[in-house]
Amino acid sequence: MAAGEHSHEGMWVFPAPEAVTQDMAEKAEAMPKAIARALAVTGILFALGIAGFVMRALDDGFGAHGPWGYYAAIFMFLFMVTGAAPLAAVAFRFTKSHWRRPLSRVSELFALLGVLNVIMFIPLMIVLPSIKNPEVGVEELEIRRSIWFETPIGAPLAWDFLGLLFLAICSLAILWLSAMPDMAEGRLTATGFRRKLYSLLAGRWYGTKRQWILHKVGLGLLGAFYFMLLVFVQFTVASDYAMSLVAGWKDSIFPPLFTLTSFQSSLGLILVTLFIMRRWGGYEQYIGVSPFWSASKILLGLTLLWAYHTFAFLITFWYGRLEIEQNVLKYFFFEAYGGAFAANLFFSFILPFLILLWNPVRKTDWGPTLAGLSALCGAFIFNLKTFVGAFNAGDVYAIFFEFIPGPTWPDLWDVFMVVGGLGAAAFIYLAATRLFPILSVWETKEGAKYQKMDTLVRGRYLVLAKPE
Amino acid sequence: MTTPKPRIDHKWGMVVDLDRCTGCQACVVACQSENNLPINTKDVFLQRRAYEWIRIERYWEGEFPNVKARFIPIMCQHCENAPCEPVCPVFATYHNDEGLNVQVYNRCIGTRYCANNCPYQVRFFNYWEPVWPERMRHQLNPDVTIRSRGVMERCSFCIQRIRRAELTVERQEQGKLDHKTMKERNFLPACAMACPTNALQFGDQGDASGPVHHYFEEANHRLEERHHRTERVEEHPSRVYRLLEEMGTKPNVIYLKRVEMFPVKKEA
Amino acid sequence: MQEGRVLPSRQINADLLRSILNSPKWFWISVAFLAFFVLAAFSTAGFLINRGYGVTGLNNQVLWGFFITNFVFWIGISHAGVMLSAILRLSKAEWRRPATRAAEVLTVFSLMTAMLMPLIHTGRPWRTLYWIYTLPFVPYDFARGIWPNVRSPLVWDPSAVYTYLTSSILFVIIALLPDFAVLRDRTTGLSHRIYSVLAMGWQGNARQWKLQIIAGVLLSALILPVFVSVHSIVSWDFGMAVSIKSWHSTIFAPYFVVGAVHSGVSAVVFVMILLRWAYGWQDYIRLEHIDALGRLLVVVATGWFYFFVMEILFGFYGMESDELAVRNMQFMEQPWNILMFFFVGLTYFLPVGLWLTRSWRRNLWLMSIACISVNIGMWLERFLIFVPAQARKQVFTFNWYTYAPSIVEIMIIVGTFAMVTMLMLLLSRVVPLIPLYDIKEGDILKTQVQIGRRTVPATFRED
Amino acid sequence: MARKPILGLFEDPNYAAEAGDALQRANILPQDYDFLTDAPYPEGAFGERHEKHRLYVFPFIGALIGLTVGIILTSMTQLAYPLTQGGKPILSLPPMAVVTYESTMLSAIIFTIIGILFESRLPKIKKGLYDTRITEGYIGVLVNVDEEQLNQVSGILTQAGAVDVVQET
């Protein structure tokens with residue numbers, strides 16, 4: 001720490017604008033061995049996943065929704081994490097925070113996974129039991145409880161699907177718009193098919209004043225729209241595939257809890273990606289510690305909020321002695337899936353909290369990353385527990401969830417599908433990093449203008465300028 | 001501080017036979033005079049602040065001309081899982097080990113939370129200081145405290161009578177206190193005693209020879225097996241049921257369904 | 001985004017201490033006016049306690065009325081303080097500077113007022129006083145072995161609220177030390193002696209300042225979780241009640257917290273506008289501050305609306321007849337449906353509509369209208385959550401009944417509003433409601449960055 | 001030998017900083033002079049020494065104490081009245097968690113306050129040398145030196161551009 005230097009070592013980096021373009025161009029062209037190997041591995045996993053899916057389909061068909069619990073879980077996990085990831089770029093662009101600059105493209109690239117979500121959702125549409133009870137048995141409802149009371153046209157499937165579709169489109173639009181200036185640069189520097197692709201996508205971008213203004217406004221509007229859409233879709237999908245499959249489980253905090261978990265885990269995912277780029281990707285001179293440090297505070301807040309929402313749910317159900325509530329608690333939290341809940345609690349709250357509690361740890365790049373990783377695992381267990389449980393909770397048309405089944409363990413095909421889903425996501429993302437500049441060049445350059453080190457009386461401090 | 005040990009492990013319970021209830025309101029009057037309830041004057045009623053530790057609810061069933069009146073007496077259900085108990089900040093109401101849901105007037109600070117949390121609407125708040133006309137002073141029951149304003153009150157299964165019975169047994173039978181001797185004192189809550197048709201039956205759930213024993217046996221048995229079942233089966237029909245069973249409150253009051261000799265014709 | 005010029009600190013002292021060193025003539029008149037209502041309220045409360053609860057509009061069906069509504073409302077207002085000062089401190093938002101202290105002080109006073117409500121509300125307050133309200137000053141009545149029942153949400157309440165109250169009072173006092181020092185240097189005679197005691201011999205050396213700054217951040221970080229817990233626990237008073245349909249909802253905690261922040265921040269904005277107008281602090285409470293708060297409020301309001309929709313929607317979700325009856329009452333039956341209409345309109349659509357345009361955010365009249373309407377709306381919200389549910393909760397009993405407040409309750413409610421205003425006014429006579437040192441620090445850290453022809457305002461940061 | 005305080009008042013922070021440098025050159029120990037301001041300058045603005053503090057320990061101690069007190073209190077009061085209520089266990093944990101949480105936070109905050117006062121050495125009973133102009137925006141340089149150095153120091157201060165140099169009378 002230099003004399004009178006009052007910012008943490010490596011906290012802020014100001015890359016030289018002219019160097020960036022060149023360097024990024026090279027990085028985009030290069031194909032390191034590590035990435036090639038990773039692509040191969042994830043590709044194999046992807047194939048496994050498809051195999052598992054086919055076998056499951058052959059074994060059980062699409063008649064009953066029970067066997068598809070694990071498929072639903074992995075879909076929900078991917079949707080939860082990748083759906084919320086682009087929000088990081090959007091939200092921090094709203095707050096005009098400078099530390100977001102290296103982080104925004106990393107988060108936007110997850111938009112490409114929206115397509116995967118849409119495709120993976122199709123089988124789930126088939127297995128979801130209809131809202132109207134086909135034949136009404138003893139103590140059964142004619143219409144099972146769901147957020148679509150009298151089932152408007154095509155509900156719930158059509159609406160969920162449309163929501164996911166719009167979500168994918170909207171996020172792709174955000175990615176395209178925010179990558180446009182970079183690709184316009186790429187037109188000149190890149191070679192081969194990239195050159196064609198970039199010149200195609202960049203269109204008539206020449207960076208005129210007007211274009212920049214439209215760019216800013218467009219990103220803002222799309223971002224706001226995406227945020228609202230995401231919250232809505234998460235609400236519908238989550239409650240359709242978890243809550244309304246458990247007869248009589250009425251829990252108004254579940255959608256917010258799901259959304260909160262998605263924010264927490266997606267931020268974690270982004271931090272992990274950033275860390276990999278910074279450590280092994282050779283992006284050290286673009287990614288300072290400041291993104292980790294600033295994001296860590298938000299991650300801590302989200303972690304605490306997660307615990308808070310969970311407790312609010314638990315204590316309300318514990319206090320109310322209604323039979324259905326007791327059964328839900330027993331099933332999801334204490335008896336059948338008790339272990340899963342304990343693990344979920346540990347990874348989503350206890351571990352990240354204990355890591356992020358310490359300011360020195362938060363000022364490193366590995367601390368927040370570890371917390372993020374554990375949040376990611378927590379979200380994964382959360383989804384397994386919730387959706388596998390919900391898919392196997394017995395008669396969906398019953399008046400209330402009366403008879404508690406035991407936990408459902410995965411068979412081989414389930415394992416295949418789960419790893420396959422993860423592999424697919426990783427594969428697509430890695431491929432995307434080869435296609436698009438993974439660092440948002442224009443934002444980095446813009447940032448270099450607005451931040452500098454300056455002297456006040458005797459000490460040197462960071463100066464942040466905030467344009468109106 | 002510890003709760004007093006029970007002399008014998010009572011578990012009081014009441015069985016209400018709706019087939020016998022004629023809705024004559026005798027129980028209501030008996031309760032009023034036994035438990036020193038303030039007089040429900042007209043304007044007290046109009047303010048909707050009437051005290052009815054036990055009340056008869058009347059429902060009409062069917063369309064004129066073939067219409068039947070249904071009566072259901074409702075008093076404190078003395079639930080095992082009483083929602084009203086844990087919300088009291090000062091332990092003014094709790095579950096004693098005789099299966100009674102007791103109210104400690106001296107502790108009560110009148111938050112009215114318990115009344116809000118009672119699904120059966122059987123808790124009453126003293127909005128005014130209770131007053132009686134001068135000449136009625138002497139009919140007040142010396143065994144029952146008069147509740148001051150600002151406290152909750154509700155049916156106690158006439159706990160004063162239970163205690164008196166126990167005391168007399170101890171005095172006369174040299175304290176050899178068991179179900180038999182207790183029954184010989186044949187004490188009853190005022191309402192049960194006043195009921196002309198024996199619609200209200202009161203006794204010890206544990207006392208095999210008592211009037212309520214087998215009903216509770218049956219009810220608890222049904223509850224048990226429902227809990228240990230893993231899928232739905234056709235249950236054999238029975239008259240025994242409890243109010244708001246889905247609330248999981250496990251009342252100590254059991255109702256017996258009315259047997260329909262001439263059921264009301266429902267319009268198709 | 002700091003417009004406005006850098007002022008010499010002599011100027012700042014003169015301006016911001018104006019409210020203390022030479023108070024305007026309207027001051028004592030308005031205080032007396034408010035004091036009248038406060039006294040009226042207190043004597044009414046005395047009458048109520050003397051006569052018993054018959055004098056209120058409550059009955060066997062609706063057992064919790066205006067008092068509880070008002071209690072929750074004031075608890076809600078109290079959430080502005082920490083929300084603003086803590087979150088904005090942590091996020092290093094420059095525009096927080098003039099807002100923090102007014103917000104914290106509002107927190108303290110509204111909490112004090114709020115805690116009077118349940119006290120008056122209970123049937124035998126004198127017992128409540130030593131049984132429940134002794135909770136923060138544990139250990140309680142060891143002599144007679146009288147314990148409160150930890151299982152009851154009504155015992156969680158005081159523990160949370162008193163924690164919040166104690167910590168925000170300490171928070172304010174710590175932040176006041178440097179300003180007490182300024183006052184100590186400006187005053188003479190008795191007040192000088194008092195301020196010297198309060199200032200604790202503050203010198204303003206490097207160490208003290210450093211700890212002052214850290215204290216701000218650290219305390220914010222510590223109070224924030226308390227602040228969230230307080231309103232959640234208040235909401236659990238209702239969430240734990242299984243028997244009243246539409247109360248036993250898991251979302252109540254976050255829903256109430258966000259609502260509280262919504263109403264609280266609006267209240268703070270209104271207070272700031274009043275201060276600006278009353279003491280002529282145009283240079284300190286600038287339009288851009290109001291503007292920024294307005295933008296924040298749009299976000300908060302929308303978040304609140306999300307939770308509101310969830311709560312309503314899952315009310316219907318259960319398809320239970322008696323809960324549907326409550327909803328039907330809220331939305332279909334007079335007068336509740338009219339109130340409901342006003343509540344949603346005033347809480348969300350009107351204010352957010354006003355906050356969306358920049359020029360309207362910067363128009364103080366429209367801003368005040370928006371903030372007041374939010375608070376009316378939030379008061380109605382609590383009322384509509386509590387009362388219809390009780391009036392329609394019965395499964396069995398015949399005598400359904402509604403609720404109309406008696407004059408006694410209304411007078412006490414009015415009294416609480418007068419009381420908070422009066423206390424704020426009185427305090428503004430004693431301490432500066434805008435932190436002097438914070439403003440000065442802001443001026444020191446101001447700088448700008450030259451980009452081409454444009455000079456962009458910037459700030460020095462220590463990380 | 002007795003040490004005496006001397007206070008130089010500056011209008012411009014840069015002069016004050018120069019005074020600081022000059023004092024350093026006149027090898028007066030850094031803990032002997034201090035900068036008094038009416039607003040927090042970012043740390044090290046005058047090239048002053050870094051203040052070490054142990055404030056972060058306090059909240060943790062407080063939290064621990066509060067936690068234990070909370071647990072003992074809640075469990076003790078529940079066990080002291082073994083009354084079953086609503087079929088809930090005598091020692092029911094979720095309510096305990098709520099009250100315990102509050103007590104933890106409360107004592108953590110109180111300890112933090114104590115820590116702040118202790119670490120910033122407040123309350124000071126005797127304020128020492130001070131000048132009310134400091135709260136008017138002047139920057140005071142407070143030096144504690146041996147009596148014979150007083151003139152030298154006041155010379156340094158005035159040279160550095162002090163508006164006024166105050167000594168104890």
Side-chain angles (χ1 to χ4, degrees), chain B residues 1 43-52 55-59 72 74 81-94 105-130 147-152 243-244 246-249, chain C residues 49 51-64 68 118 121-129 131-132 135 144-158 237-238 240-245 247-248 320 322 386 389-390 393-403:
Chain B
M1 116 156 212
D43 54 354
V44 170
F45 260 113
L46 291 182
Q47 294 166 351
R48 302 300 197 284
R49 292 167 183 169
Y51 303 80
E52 297 166 301
R55 63 171 184 269
I56 305 282
E57 299 214 337
R58 190 250 302 112
Y59 298 93
I72 171 168
I74 293 179
N81 299 340
C84 59
E85 284 166 353
V87 298
C88 177
V90 291
F91 286 107
T93 176
Y94 71 96
Y105 303 122
N106 285 344
R107 284 197 198 136
C108 181
I109 60 173
T111 63
R112 311 202 274 296
Y113 200 164
C114 47
N116 256 348
N117 214 8
C118 172
Y120 305 96
Q121 274 292 290
V122 290
R123 294 180 147 270
F124 302 94
F125 182 70
N126 285 273
Y127 284 92
W128 302 106
E129 198 72 51
R147 283 78 57 185
S148 76
R149 75 182 141 80
V151 305
M152 297 303 297
L243 294 182
L244 300 183
E246 75 278 6
M247 299 272 302
T249 50
Chain C
I49 292 169
R51 290 299 173 81
Y53 266 71
V55 299
T56 63
L58 300 169
N59 52 60
N60 275 345
Q61 273 58 52
V62 183
L63 294 136
W64 289 0
I68 294 298
H121 158 88
T122 50
R124 304 203 284 181
W126 51 93
R127 300 177 65 83
T128 316
L129 210 50
W131 203 325
I132 300 304
L135 198 68
R144 275 166 292 182
I146 291 178
W147 319 119
N149 175 11
V150 182
R151 294 179 205 108
S152 166
L154 293 187
V155 169
W156 310 343
D157 263 351
D237 291 353
F238 311 96
M240 297 303 144
V242 279
S243 310
I244 299 189
K245 295 304 164 184
W247 276 11
H248 186 56
E320 298 151 8
D322 38 14
F386 303 153
Q390 295 180 63
K393 74 184 168 185
Q394 298 77 14
V395 191
F396 288 108
T397 176
F398 274 11
N399 47 3
W400 288 354
Y401 199 47
T402 174
Y403 165 75

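As a basis for the values below, the full set of heavy atoms in this structure was taken, side chains included, without hydrogen atoms, waters or symmetry mates. Throughout, protein chains are lettered first and strands after them, A, B, ... in sequence-line order, and every chain is numbered starting at 1.
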Of all the heavy-atom pairs spanning [X] and [Y], show the shortest one and how long it is.
X	Y	answer
B:F91	C:P148	CE1-O, 3.6 Å
B:Y113	C:F238	OH-N, 4.2 Å
C:N149	B:C88	ND2-O, 2.8 Å

Sub-4.5 Å side-chain heavy-atom contact between [X] and [Y]:
X	Y	result
B:N116	C:W247	yes
B:R149	C:R51	no
B:R112	C:H121	yes
C:N60	B:Y51	no
B:R49	C:Y401	no

For chain B, which candidate among C:G57, C:P125, C:P153, C:S152 shows the most heavy-atom pairs at distances under 4.5 Å?
C:S152
Checking C:I68 against chain B: side chain, backbone, both or neither under 4.5 Å from a heavy atom?
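Nothing of C:I68, per the 4.5 Å heavy-atom cut-off to chain B.
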Proximity breakdown for C:Y403 and chain B, heavy-atom pairs closer than 4.5 Å
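Interface part for C:Y403: neither.
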Should we count CZ of C:R124 as having more than 12 external heavy atoms under 6.0 Å?
yes
Can you tell me how far the CG atom of C:N59 sits from the CZ atom of B:F45, to the nearest 0.5 Å?
13.5 Å
For B:N117 and C:V242, indicate whether the former's side chain and the latter's backbone hold a donor-acceptor pair under 3.5 Å.
yes
Go through B:V122, B:L244, B:T111, B:I109 and name the one with the most non-hydrogen pairs under 4.5 angstrom from chain C.
B:I109
With chain C, the option among B:P83, B:S148, B:C84, B:P86 that has the most non-hydrogen atom pairs under 4.5 Å is B:P86
Under 4.5 Å heavy-atom distance to chain C, tell me which part of B:Q47 shows up: side chain, backbone, both or neither.
backbone
